[in-house]
Amino acid sequence: MKRVICSILVLCLLISSMQVSAASANSAPIVQKYSTSSSSNSLASLMAVQENKELFICVTGKKINNTYTFYIEKEHNEKMGKVIEWWAKATGDFKITDDKLYKFNNGKWEPVNIQNGFELVKNDTTIEVRLDIKLLGLTESQGIKIGFYDEKNGLIPSAGKEMMVVDKAAPAISEPNIKIDGEYSSQEWNNLKIADGQDKIKELYAYKDTQKLYIMVLGESLDGANNNIYLNTDNNTSTGYKNWGQYGENGAGADYLLESDETGSWKLYKYIGPDWNWTEVNSLIEAVVKGKDGQQCLELSMGINAIQSPKKNMYISMGLNNDTGFAPAIWADIPYAKVIDLNSYAIKIDGKTNDWAGVDTKVAADNTTLELLAAQDSRKLYIMVKGSSMNTQNEYVLDVKSGGFKYGVYSGVDYVVKDGYVYPLKGDNLLDNSKRAAVYMNYQDDAIEMQLKLSQIKNPAVGRIHIAYMGKNILKLPEDGGKLKVTSKWKTTSEKNTFYPMEDYTPNGNPYKGWLPWASHDSVKEPLAQEVKMAYFDIKWSEFEPIEGKYDFASVEKKYNFEYWRKKGIKLNLRFVVDDPSDDPKHMDIPKWLYDKLVEENYNGGNGGKWYDSPAIGAGFAPDYNSPILLAAHKKVIKELAKSYDDPAIISFIQIGSLGHWGEFHNWPEDISGKFPSISTSDKYVQHYLDSFKNIKIGMRKPYPIAKKNNLGLFNDVFGMADSTAQFLDWTVNGWNEIGEYVDKASGYSSPEEAQKASAMPDFWKSNFSGGEFANGNVRLYIDDTTIMDTLRQVRESHTSWMGPCSPADLLKSDPDAYAYQRNIDALTNVMGYNFVLESLTHTGKAKAGNNLDIKMKWNNKGVAPFYYKWPLELSLADSKGKIVAKTTTSADITKWLPGVTITNQSINIPKNLKQGQYTLCVAIIDPSTGKPGIKLGIEGVRLDGRYALNNITVDRK
């Protein structure tokens with residue numbers, strides 16, 4: 001559920017539709033509201049297709065303006081094309097405007113001699129274009145991108161999204177005559193190859209007509225069971241089964257699945273979700289596999305009528321059993337391959353749209369109504385923009401006094417709010433970076449809140465503020481290009497003897513939250529672009545105990561730069577790893593002496609474990625976790641680790657990494673790596689941590705009953721992928737849905753259902769960490785403008801405190817795009833973990849020496865998680881010279897400060913010998929390891945010693 005943080009803006013929303021008179025302004029704010037009309041954007045859709053070396057484009061709507069532009073990007077290269085800021089990652093190599101074609105060349109638009117290769121027809125409701133691709137400098141069709149801009153009506157696709165991708169044309173060949181006989185024939189399959197494969201799949205071919213889908217594969221092991229062909233039949237990557245990121249965040253989405261069984265027969269299944277959930281569909285499938293010259297050929301056909309409402313464009317991918325082969329190649333951030341369809345669209349450029357009915361490369365216009373709401377009190381200005389599909393690209397123009405400068409289309413501008421900061425203007429379109437100050441931003445999909453202190457804009461007079469909003473580089477409110485006068489003003493109710501600290505919106509790096517780089521990274525030679533308070537290291541057992549009973553702390557701490565991180569005050573997140581797949585099939589992560597013992601023991605005839613080599617995960621050795629020798633050695637090594645590292649001054653959190661590949665509690669695929677242990681065995685490994693680490697918070701990859709019983713944390717190592725995070729959250733609410741196959745009699749659970757129910761831990765984050773790292777090893781996929789809003793949603797819903805090592809900490813200062821995502825990273829930093837804001841404190845203005853001064857404090861945790869260690873809250877008094885002359889450690893338990901408001905009543909002891917006079921009350925949260933203030937609060941007034949100066953009190957000795 002979304003939580004709107006700014007309660008005053010919630011009030012604004014509640015009363016925005018009410019007519020509140022000026023006479024009642026003292027009791028409730030008058031909200032000035034400006035709304036665009038949904039009918040102002042008359043655009044309906046943008047469609048495009050390539051066929052026979054021609055590009056066809058059609059835009060539809062009502063009263064389409066003559067001042068239109070089509071932008072065409074044939075290759076994303078900012079050095080070659082014109083950067084188009086309206087869309088994400090967009091450049092324009094060509095454009096069509098004024099019914100003419102232009103090319104961007106040497107920094108300017110130049111007309112193109114169109115000759116006979118260009119045709120355009122337009123009317124009030126339609127613009128159609130036919131363009132020979134040779135005019136775009138192409139000899140062969142390729143994928144391109146299209147976007148449309150209308151001066152009055154806006155954009156398609158919507159601002160902030162990527163331009164529409166238009167697939168390359170089908171090859172210009174005769175209709176093939178394909179026989180399903182397992183015999184590869186170039187005459188049959190010539191020009192029908194759609195992808196190169198990887199590992200045991202060499203090439204993938206696919207073609208369909210109005211009756212059948214034909215597939216041909218060249219490679220090895222094509223006659224085995226559990227080989228899968230995924231079919232995206234609705235041309236929509238947001239629906240269907242996701243191949244957990246193998247084909248990019250937006251490249252998967254299987255609606256149907258072809259799978260081979262133990263007999264080699266193929267069956268068709270329809271996806272019903274979630275996760276791996278399919279239902280069989282009755283379909284006649286013909287398939288033959290034959291081998292020749294060491295290579296197999298699989299030919300397969302099925303009737304199209306078995307698929308419900310298939311689109312003309314169909315996309316497929318293939319994966320062999322145990323992930324021993326793929327097509328297209330994986331981890332290249334590419335989509336499924338498009339099936340070739342030779343049927344013509346038969347489009348005519350005549351201003352009519354009936355012939356576009358079969359085109360499914362289509363983007364509908366976003367006709368969302370936007371609303372701009374603004375109000376102010378005596379201290380702050382509050383602004384909200386309501387709409388849909390919002391993102392972090394928001395600018396606000398502020399006119400607060402006479403004069404001012406030009407900013408874009410606006411004149412008389414004094415301040416601009418951009419990227420979470422307010423800037424004064426020092427000239428036309430010149431932001432004064434030296435005087436920027438952070439503002440409050442709350443990004444939700446349906447509303448964006450902005451809040452700033454009036455002191456940041458020199459406290460303008462009531463009714464003097466005029467504002468305008470620009471979103472996604474093009475959206476404007478008010479729509480006519482004017483400015484909205486803020487007339488809403490109300491008197492804030494103040495409690496007696498209450499002080500209200502001024503909030504500080506600056507993104508804070510704080511202990512136990514934020515981004516984790518690799519601890520082994522040399523941050524001196526290659527400085528990180530982001531501030532970090534933690535670092536990550538995974539100790540391999542082989543490097544920690546190379547000789548039995550000899551623990552090499554020195555080498556480990558040197559490798560992971562312990563001394564550097566200690567000096568920086570940065571704590572380390574530890575994962576002890578037993579099996580970390582790599583490219584080396586001979587490597588293993590347990591010590592050689594232990595491996596020899598396991599082989600000699602030969603527990604249950606298992607030879608100590610299994611050597612594995614899989615293209616999906618890598619290579620290594622998975623030990624037999626049931627081995628008594630392994631269990632005994634593991635108990636000893638964890639105990640030794642804890643002797644030195646069970647210390648929150650050094651270690652932030654422990655991730656249990658002793659089980660499975662990468663410590664992620666799986667041996668997938670198990671027929672290659674060996675079966676993962678049953679609950680009764682895995683619990684023993686977890687218990688070793690629980691017995692040895694008493695001071696550090698511990699977490700694991702998946703919810704197990706033992707995790708629930710011991711209030712363990714959890715980490716999501718495929719964060720950023722919406723479906724994977726949804727699965728992770730489902731595990732926490734309903735229990736791990738695959739735990740059933742690991743239930744054994746010794747576990748104490750009588751059924752899989754009982755074990756799953758016992759593993760549900762929806763509120764785990766209230767007592768222990770929720771962490772993880774971004775999927776696919778590429779943080780950029782999840783922090784750009786097209787994905788950031790969903791990433792923020794995932795952080796909120798999973799109550800995430802930290803992320804790494806795949807995180808923005810991957811970005812180095814030397815990277816050309818090191819700060820390209822800063823606005824989005826700041827938004828994540830502000831919402832992750834905890835963010836303590838002291839909103840008010842109430843106490844009498846005088847105190848008597850020798851007595852206690854009672855103080856009521858209102859704290860607001862504006863993050864999504866609590867603080868997990870019992871650091872003390874300190875109250876203190878500073879004399880006129882700033883010296884701390886009295887301090888009290890309160891009884892407050894900050895680990896109980898969940899997101900939202902907490903009221904706590906505390907007191908400070910006034911020493912008997914304290915001189916009479918005026919003192920400043922200070923507050924701080926103390927780091928027990930240093931005895932000094934350790935957390936940055938979200939308020940102004942921080943002193944050099946890290947304490948926060950609040951208001952004054954008078955000490956009386958009488």
Side-chain angles (χ1 to χ4, degrees), residues 193-206 213-233 237 239-271 273-278 280-281 285 287 289 295-300 302 314-339 581 612-619 661 666-673 718 721 723-724 727 738 775-777:
K193 182 171 129 178
I194 61 172
D196 287 318
Q198 176 181 324
D199 303 310
K200 291 186 177 181
I201 298 180
K202 304 306 178 186
E203 296 176 345
L204 176 64
Y205 295 69
L213 167 66
Y214 301 87
I215 298 171
M216 193 270 285
V217 189
L218 298 177
E220 306 171 46
S221 303
L222 304 181
D223 55 351
N226 300 317
N227 290 330
N228 296 317
I229 299 175
Y230 301 91
L231 311 178
N232 178 350
T233 62
T237 59
T239 61
Y241 176 74
K242 299 284 188 181
N243 298 53
W244 60 286
Q246 292 172 341
Y247 296 99
E249 177 68 5
N250 298 310
D255 307 293
Y256 288 84
L257 169 72
L258 286 163
E259 185 176 62
S260 59
D261 63 16
E262 300 294 337
T263 68
S265 298
W266 287 79
K267 296 179 180 179
L268 179 68
Y269 300 87
K270 182 180 179 180
Y271 182 69
D275 199 21
W276 188 260
N277 198 354
W278 307 83
E280 187 173 351
V281 177
I285 300 172
V289 179
Q295 178 174 265
Q296 289 183 324
C297 172
L298 163 67
E299 288 187 304
L300 179 151
M302 59 163 282
M314 188 179 295
Y315 301 82
I316 71 172
S317 71
M318 184 173 184
L320 296 185
N321 185 25
N322 296 325
D323 292 313
T324 54
F326 301 92
I330 63 170
W331 309 122
D333 194 26
I334 59 176
Y336 286 4
K338 183 180 178 181
V339 176
Y612 61 87
D613 190 355
S614 167
I617 59 168
H661 304 320
H666 69 80
N667 267 14
W668 180 84
E670 290 191 354
D671 51 352
I672 288 180
S673 309
V718 284
M721 293 175 58
D723 55 330
S724 296
Q727 182 186 62
E738 297 179 17
N776 299 330

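Just so you know, residue 1 is the first one in the sequence shown, and it goes up from there.
Residues satisfying the side chain to side chain donor-acceptor pair (under 3.5 Å) test with Asp223, not counting sequence neighbours, are Gln296. Take Lys200 and apply the side chain to side chain contact (heavy atoms under 4.5 Å, CB included) test, not counting sequence neighbours, and it matches Glu220, Ser221, Leu320, Thr324. Every residue meeting the side chain to side chain contact (heavy atoms under 4.5 Å, CB included) condition with Ser260, not counting sequence neighbours, appears here in chain and number order: Asn227, Trp266. Scored by the side chain to side chain contact (heavy atoms under 4.5 Å, CB included) test, Glu280 finds Lys267, Tyr269 as partners (sequence neighbours excluded). Remark: Tyr205 pairs with Glu203 by the side chain to side chain donor-acceptor pair (under 3.5 Å) rule, at least two apart or across chains. Applying the side chain to side chain donor-acceptor pair (under 3.5 Å) criterion to Asp261, with sequence neighbours excluded, gives Thr263.
The shortest non-hydrogen separation linking Leu268 to Ile285 is N-CD1, 3.6 Å. Heavy-atom minimum distance, Gly253 versus Lys242: N-CD, 4.4 Å. For the residue pair Leu218 and Cys297, the shortest heavy atom distance occurs at CD2-CB, 3.9 Å. Heavy-atom minimum distance, Pro335 versus Pro328: O-CG, 3.8 Å. Closest of all the heavy-atom pairs between Met721 and Ala775 is SD-CB, 3.6 Å.
Separation of atoms CD (Glu299) and CG (Leu222) is listed at 11.5 Å; rounding is to 0.5 Å. Atom CG of Asn321 sits about 4.5 Å away from atom CG of Asn226, to the nearest 0.5 Å. Rounding to the nearest 0.5 Å gives a distance of 12.5 Å between CD1 of Ile316 and CG of Asn228.
Proximity of Leu204 to Ser317: side-chain heavy atoms (C-beta onward) are nowhere separated by under 4.5 Å. Contact of the Leu300 side chain with the Met216 side chain is not registered, since no non-hydrogen atoms from C-beta on lie closer than 4.5 Å. No side-chain heavy atom of Pro669 sits less than 4.5 Å from a side-chain heavy atom of Tyr612. The shortest distance between side-chain heavy atoms of Tyr315 and Thr237 does not fall below 4.5 Å. Met302 is listed as a side-chain neighbour of Leu231, based on a closest heavy-atom distance under 4.5 Å. The side-chain heavy atoms of Asn232 and Asp255, taken from C-beta on, include a pair separated by under 4.5 Å. The side-chain heavy atoms of Leu298 and Met318, taken from C-beta on, include a pair separated by under 4.5 Å. Side chains of Ile617 and Ile672 form no contact here, defined as non-hydrogen atoms less than 4.5 Å apart.
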side-chain contact (heavy atoms from CB on, under 4.5 Å) between Thr239 and Tyr271, intermediate numbers included: CA-CA 9 Å; Thr239 61; Tyr271 182 69; over 6 Å; no
Test side-chain contact (heavy atoms from CB on, under 4.5 Å) applied to Leu257 and Trp276, step by step: CA-CA 11 Å; Leu257 169 72; Trp276 188 260; 3.8 Å; yes
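Side-chain atoms of Gln198 come within 3.5 Å of backbone atoms of Ile330 as a donor-acceptor pair (strictly under, hydrogens ignored). Between the side chain of Lys202 and the backbone N or O of Asp199, at least one donor-acceptor pair lies under 3.5 Å.
Taking the six-membered ring where tryptophan is involved, the planes of Tyr241 and Tyr230 are essentially parallel, since the angle between them stays under 30° and well short of 60°.
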